[in-house]
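Quick notes on the structure that follows.
Heads up: numbering here begins at 1 and tracks the sequence.
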Amino acid sequence: NYNGQLGKIKEQIYAWRGNNASYNSKHKWIQKHWAKTGICENCGNSPKPYSNGRLGTEFHSKKHDYNREDRSTWLEVCKKCHNKLDKNL
């Protein structure tokens with residue numbers, strides 16, 4: 001008699017928001033599902049990993065539309081480049 005969310009995907013889940021999900025939710029989803037190379041696509045540097053063992057790169061949305069379904073609209077960049085790209089909005 002289990003009535004939970006197990007086995008349900010996307011629209012079948014009552015809390016599913018799709019592209020209306022929050023900024024943080026989209027970034028958490030990307031961190032979980034997309035693999036990183038550890039190399040900045042902007043400057044080519046390979047920053048040292050963070051203290052928790054994760055690679056030292058972050059994902060940056062080129063168009064700032066945060067589309068999780070199109071990987072080509074994102075860059076894997078180091079923190080320094082990410083800050084520069086965000087300032088050039």
What residues, two or more places apart in sequence or in another chain, satisfy side-chain hydrogen bond (donor to acceptor under 3.5 Å, both in side chains) together with D70?
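Per chain and number, D70 pairs via side-chain hydrogen bond (donor to acceptor under 3.5 Å, both in side chains) with S72.
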With sequence neighbours left out, the residues meeting side chain to side chain contact (heavy atoms under 4.5 Å, CB included) with D65 are S61, K63, N67, T73
Side chain to side chain contact (heavy atoms under 4.5 Å, CB included) filter on K36, not counting sequence neighbours, yields Q31, L55, T57, F59, E76
Residue pair [X] / [Y]: nearest heavy atoms and the distance that separates them:
X: W34; Y: R68; value: CZ2-O, 3.1 Å
X: P47; Y: G56; value: CG-O, 3.2 Å
X: C43; Y: C40; value: N-SG, 3.4 Å
X: E41; Y: W74; value: OE1-O, 4.4 Å
X: I39; Y: G44; value: CG2-O, 3.7 Å

Residues passing the salt bridge (charged side-chain N to carboxylate O under 4.0 Å, His left out) test with K79, sequence neighbours excluded, are E58
Side chain of H33, backbone of W29: donor and acceptor closer than 3.5 Å?
yes
Heavy-atom count around K62 NZ within 6.0 Å, excluding the residue itself: above 12?
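Check passes, neighbour count above 12.
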What's the spacing between N45 CG and K80 NZ if we round to 0.5 Å?
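NZ of K80 is found 8.0 Å from CG of N45.
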Can you measure from CG (D86) to NE2 (H64) and round to the nearest 0.5 angstrom?
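NE2 of H64 is found 6.0 Å from CG of D86.
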